[in-house]
Amino acid sequence: MLLTQLRITNFLMETKIKASLLAHFHSLFEVEITEQLVQFQKTKKEFKGDTTLVLFPFLKLTGQNPAAIGAKIGELLKTELSLIADFNVVGGFLNMSFSDDYWKAQLLACYSDKSFGFLAPASKPAIMVEYSSPNTNKPLHLGHLRNNFLGYSVAEILKAAGHEVIKTQIINDRGIHICKSMLAWQKFSPINEKGERETPQNTGLKGDKLVGKYYVEFDKQFNAEAKAIIGLWENKAFDGFSTATVEKFNEFTAAKIGKDEKACAGLDDKIKELAKNETNLLREAKDLLVRWEGRDPEVYLLWTTMNGWVYAGFEETYKKMGVNFDRLYYESDTFILGKDIVNEGLAKGVFYQKEDSSVWVDLTDEGLDHKLLLRSDGTSVYMTQDLGTAVDRFNDYPQLTGILYTVGNEQDYHFKVLFLILAKMGYSWAKSCYHISYGMVDLPSGKMKSREGTVVDADDLMDEIVASAKEMTSERGHIEGMSDEEKNNLFQTIGMGGLKYYLLKVDPKKRMLFDPAESIELNGHTGPFIQYAYARIQSLLSKAGSFEFDATATMNDAEKEVVKQLALYPAIIEDAATNFSPAIIANYTYELVKLYNQFYQSIYILQEEDAAIKSLRLTLSESVANVISSSMSLLGINVPKRM
RNA sequence: GGCUCCGUAGCUCAGCUGGAUAGAGCAACGCCCUUCUAAGGCGAAGGUCAAAGGUUCGAAUCCUUUCGGGGUCACCA
């Protein structure tokens with residue numbers, strides 16, 4: 001495919017070479033070739049050349065040896081294409097060097113275009129990118145950081161690739177879990193001397209943290225109550241419990257006899273579930289949900305109040321993260337949607353109804369299972385809502401061609417089913433919906449588990465990283481004369497840049513390890529390494545004063561290597577956009593900076609006496625700075641003028 | 001168990017739509033600041049690309065199997 005070649009080296013020249021080869025191959029070897037046989041790869045460092053043509057595919061076809069084929073093709077291309085300056089054949093590889101003029105033209109193209117590598121805005125179809133999508137009773141954690149940085153970055157990359165992008169999130173603001181924190185707050189919040197329960201105002205707690213606290217409190221009390229009930233059961237105190245429940249308890253208890261530890265734990269879980277269903281707390285929470293659905297004014301007021309706290313808290317966190325959204329969707333608005341679609345599917349015969357009137361879809365033909373779409377009591381499930389929301393979005397944005405869902409890979413199956421159902425329903429856009437599935441973030445100590453308290457809170461983490469950036473930056477001391485505001489911005493830029501780069505440089509699909517010590521590292525393959533290169537170039541440019549691009553200078557190898565990497569940028573953006581992978585951008589920029597640093601350390605730019613060479617080097621430096629700034633912005637990372 | 005993703009240097013990761021001697025960073029070792037910011041550069045060291053078969057002129061990359069790990073298989077979201 002063309003994309004591979006774009007990625008490997010410069011796309012313009014290779015297209016030309018390929019065209020020329022297709023046109024003239026017959027005149028050299030008396031046989032025709034197909035496009036697939038023309039394979040390029042990056043020239044290995046130890047050989048001279050800017051691109052390499054693989055000759056093996058032609059061996060059988062022509063019946064000649066690689067050296068002869070390479071020489072003939074090389075000669076041909078050199079005469080046909082003036083920009084090919086030289087070539088050599090090593091083994092089965094034809095290495096070609098492009099002329100200085102070619103590389104200078106590439107440099108100029110990069111230098112003179114402020115939005116080098118970007119396609120015209122909104123020149124490609126509109127896409128919606130969903131990310132974040134939090135639960136309103138849990139503060140955001142490390143996993144959300146990966147999600148948000150990833151979603152935001154993919155959206156920026158798609159914009160750069162010419163798409164119109166609508167950033168959105170769906171806020172999970174309803175359901176029994178929300179009622180749990182509401183109930184816990186009502187029951188367990190202490191009341192102060194003014195007669196108020198805890199609020200963000202009177203406690204100084206961030207709203208999402210306060211609500212999260214009561215969600216945890218609910219769980220604590222809930223478990224305690226369930227445990228007490230089990231205690232009663234174990235002492236044969238079955239008064240007030242239904243016979244069905246008692247029978248089940250006895251059944252599970254009997255089943256435990258003679259079983260191994262693991263099986264017993266499983267049965268204990270079942271007993272716990274049984275007991276939980278008998279708690280007053282759950283009954284009250286369910287009651288609250290019924291009242292909420294009936295729009296009971298008191299419950300509704302409580303709900304809007306507490307959600308208001310959470311949103312204010314999230315807003316603060318998003319601001320710190322540097323992410324934003326064009327449009328918000330709330331589950332409380334969308335949870336009823338989808339039922340119509342299910343009924344429509346039922347009418348069309350795409351779905352079927354069981355005797356208990358629950359609605360299902362049969363996906364066994366696709367190698368999957370039967371999936372529930374409507375409960376027997378007619379209420380929606382997760383899938384129902386997602387169907388409704390998707391259709392709703394296409395109604396809201398008629399120009400939309402697809403939706404990207406940034407959601408963890410534990411939901412791979414869900415999205416597979418969702419897209420399948422949409423396709424079965426006949427929505428043509430179903431095929432352009434895609435699940436940006438990312439792996440879990442592990443900690444060195446193991447998995448993050450909210451129940452065990454091993455979650456890393458997003459706010460805490462960002463604060464710690466910025467604090468650490470402050471400490472380390474102050475040590476190195478390039479900040480004299482900065483105002484406090486400038487300093488704080490710088491610490492923010494470095495800390496967040498480091499964190500974002502750390503989370504984005506890894507292929508999103510892969511599970512990754514979050515090592516706190518490594519995440520604040522400033523050396524090596526890190527965000528600050530890249531930011532530092534940018535700041536150093538800014539310093540250089542300000543010392544150099546004004547200059548103009550001079551095409552008369554000759555280029556050395558180190559310079560050419562940098563230009564080659566710069567010229568790759570447009571293809572890299574496209575590659576990152578088609579693969580929804582910020583990691584491609586991150587790794588590209590790292591390469592660019594390494595190449596630039598090698599060049600930078602090998603010569604002194606400002607001491608250069610030849611004006612043409614000096615201006616060429618400054619042009620190169622400024623171009624590199626521009627691409628750093630541009631590519632980092634695609635990752636949501638800022639770059640500092642000084643650091 | 002079914003389905004699915006993953007396994008590359010001591011550690012964290014690139015490379016994976018087949019091509020030359022598998023690359024970085026961290027850690028550890030040795031150099032380079034009287035000249036543009038050393039958050040940098042240079043050097044050396046570190047590998048049975050989980051294992052075994054297969055396809056191919058050629059396999060870390062594609063196919064099969066095995067081993068090891070994750071996820072998922074709710075009238076939860």
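The figures that follow rest on heavy atoms only: side chains count, while hydrogens, waters and symmetry mates do not. Protein chains get the first letters and strands the later ones, always in sequence-line order, with residue 1 at the start of each.
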- Item | Donor-acceptor under 3.5 Å (A:N65 side chain, A:A67 main chain) | yes
- Contact class for A:E518 vs. all strands (heavy atom < 4.0 Å): base, sugar-phosphate, or nothing? sugar-phosphate
- Any A:K543 side-chain N or O less than 4.0 Å from OP1/OP2 of B:rU37: yes
- Task: Describe the nucleic acid contact of A:E331 in one word from base, sugar-phosphate, nothing, applying a heavy-atom distance below 4.0 Å.
- Result: sugar-phosphate
- Message: On the nucleotide B:rC5, are OP1 or OP2 found under 4.0 Å from the side-chain N or O atoms that A:N409 carries?
- Response: no
- Query: Does the side-chain ring of A:F93 lie flat on the base of B:rA20, meaning centres under 5.5 Å and planes less than 30 degrees apart?
  - Reply: yes
- Query: Does A:N587 place a side-chain N or O at less than 4.0 Å from the phosphate oxygens OP1/OP2 of B:rA24?
  - Reply: no
- When you check the phosphate oxygens OP1 and OP2 of B:rA38, does a side-chain N or O of A:R536 lie under 4.0 Å from one of them? yes
- Message: Is it the case that the base of B:rA20 and the side chain of A:N95 share a donor-acceptor contact (distance under 3.5 Å, atom types as modelled)?
- Response: yes
- Identified pairing partner of B:rC33, criterion: Watson-Crick or G-U wobble below 3.5 Å: none
- Comparing nearest nucleotides in RNA chain B, the 5'-proximal residue of the pair A:D412, A:L540 is A:D412
- Query: Has the side chain of A:T526 got a donor or acceptor atom that lies under 3.5 Å from a matching backbone atom of A:F529?
  - Reply: yes
- Query: Are A:F415 and A:Y405 near enough that their ring centres are under 6.0 Å apart?
  - Reply: yes
- B:rC75 base to A:S376 side chain: any donor-acceptor pair below 3.5 Å? yes
- Query: Counting side-chain heavy atoms from C-beta on, which of B:rC13, B:rC36, B:rG40 comes nearest to A:M512?
  - Reply: B:rC13
- Item | B:rU55 - base-pair partner by Watson-Crick or wobble geometry, distances under 3.5 Å | none
- Task: Determine the interatomic distance between P on B:rA9 and the same-named atom on B:rA24; round to the nearest Å.
- Result: 15 Å
- Which base sits across from B:rA50 as a Watson-Crick or G-U pair, both distances under 3.5 Å? B:rU66
- Query: Can you check whether A:Y600 stacks with the B:rG40 base, using ring centres under 5.5 Å and planes within 30°?
  - Reply: no
- Query: When you check the phosphate oxygens OP1 and OP2 of B:rA74, does a side-chain N or O of A:R375 lie under 4.0 Å from one of them?
  - Reply: no
- Message: Regarding A:E366 and A:K416, does a basic nitrogen lie under 4.0 Å from an acidic carboxylate oxygen?
- Response: no
- Check every atom of B:rA20, B:rA77, B:rG19 against the side chain of A:N172 and return the nucleotide holding the closest atom. B:rA77
- Think A:K509 has a side-chain N or O under 4.0 angstrom from the OP1 or OP2 of B:rC6? no
- Message: What I want to find out is whether A:K270 reaches A:E273 closely enough, with some N-O distance under 4.0 Å, to be called a salt bridge.
- Response: no
- Message: I'd like the P distance from B:rU55 over to B:rG40, given in whole Å.
- Response: 49 Å
- Item | Same-atom distance (P) from B:rC16 to B:rA50, integer angstrom | 16 Å
- Message: Would you measure the distance from the C1' atom in B:rU64 across to the matching atom in B:rC26 and give it in whole Å?
- Response: 37 Å
- Task: Using the C1' atoms only, state how far B:rC36 lies from B:rG41, rounded to an integer number of Å.
- Result: 14 Å
- Query: C1' atom, B:rC6 versus B:rA44: distance in rounded Å?
  - Reply: 34 Å
- Can you check whether A:S132's main-chain N or O pairs, donor with acceptor, with A:N147's side chain at less than 3.5 Å? yes
- Note on the structure: Per the O4'-C1'-N9-C4 / O4'-C1'-N1-C2 angle with a 90° window around 0, B:rC16 comes out anti
- Which nucleotide, in any strand shown, forms a Watson-Crick or G-U wobble pair with B:rG2, with both distances under 3.5 Å? B:rU72
- Item | Sequence neighbours excluded - salt bridge (charged side-chain N to carboxylate O under 4.0 Å, His left out) pairs with any residue from residues 515-541 of chain A | none
- The side chain of A:M440 lies closest to which of these nucleotides: B:rG40, B:rG19, B:rG71? B:rG71
- Message: Regarding A:L374, tell me which of base, sugar-phosphate or nothing describes its non-hydrogen contacts under 4.0 Å with the strands shown.
- Response: nothing
- Message: Could you tell me how far B:rC13 sits from B:rG47 if I compare only their C1' atoms? Round to whole Å.
- Response: 15 Å
- Message: I'd like to check, for A:F529, whether its ring lies over the base of B:rG40 with centroids under 5.5 Å apart and a plane angle smaller than 30°.
- Response: no
- Query: Are A:H478 and B:rA39 close enough that a side-chain N or O sits under 4.0 Å from OP1 or OP2?
  - Reply: yes
- Item | Among B:rU35, B:rA24, B:rU21, the nucleotide that comes nearest once only the side chain of A:Y604 is considered | B:rU35
- Item | Selection from B:rU21, B:rA39, B:rA77 that lies nearest to any side-chain heavy atom of A:E46 | B:rU21
- Using the C1' atom in both, what is the distance from B:rC11 to B:rA20, to the nearest Å? 30 Å
- Message: Starting the side chain at C-beta, find the nucleotide from B:rA20, B:rA77, B:rA24 nearest to A:V90.
- Response: B:rA20
- Gap separating the CE atom of A:M182 from the CZ atom of A:F218, nearest 0.5 angstrom: 11.5 Å
- Query: Think A:Y413 has a side-chain N or O under 4.0 angstrom from the OP1 or OP2 of B:rU72?
  - Reply: no
- Name the nucleic acid region contacted by A:N135, choosing base, sugar-phosphate or nothing; use a 4.0 angstrom heavy-atom cut-off, strictly under. nothing
- Query: A:N137 side chain to A:H177 main-chain N or O, any donor-acceptor pair under 3.5 Å?
  - Reply: yes
- Query: Any donor-acceptor pair under 3.5 Å joining the side chain of A:T52 to the base of B:rA20?
  - Reply: yes
- Message: Closest approach to the side chain of A:F47, judged atom by atom: which nucleotide of B:rA20, B:rC75, B:rC36 is it?
- Response: B:rA20
- Task: Measure from the side-chain N and O atoms of A:T43 to the backbone N and O of A:T51, and report whether any donor-acceptor pair falls under 3.5 Å.
- Result: yes
- Query: Side-chain N or O of A:K510 less than 4.0 angstrom from OP1 or OP2 on B:rA14?
  - Reply: yes
- Task: Side chain of A:N597 only, please: which of B:rC57, B:rG25, B:rG41 is the nearest?
- Result: B:rG41
- Query: Mapping A:R174 and A:G91 onto RNA chain B by nearest heavy atom, which one lands closer to the 5' end?
  - Reply: A:G91
- Item | A:Q598 side chain near B:rC42 phosphate (N/O to OP1/OP2, under 4.0 Å) | yes
- Can you figure out which of B:rC75, B:rG40, B:rA24 approaches the side chain of A:Y590 most closely? B:rA24
- Query: Now, which nucleotide makes the Watson-Crick or G-U wobble pair with B:rA9, with each of the two distances under 3.5 Å?
  - Reply: none
- Tell which nucleotide pairs with B:rA44, taking only Watson-Crick or G-U wobble pairs whose two distances are both under 3.5 angstrom. none
- Message: As a test of reading the structure: which of B:rU37, B:rA14, B:rU12 is closest to the side chain of A:R642, going by heavy atoms?
- Response: B:rU37
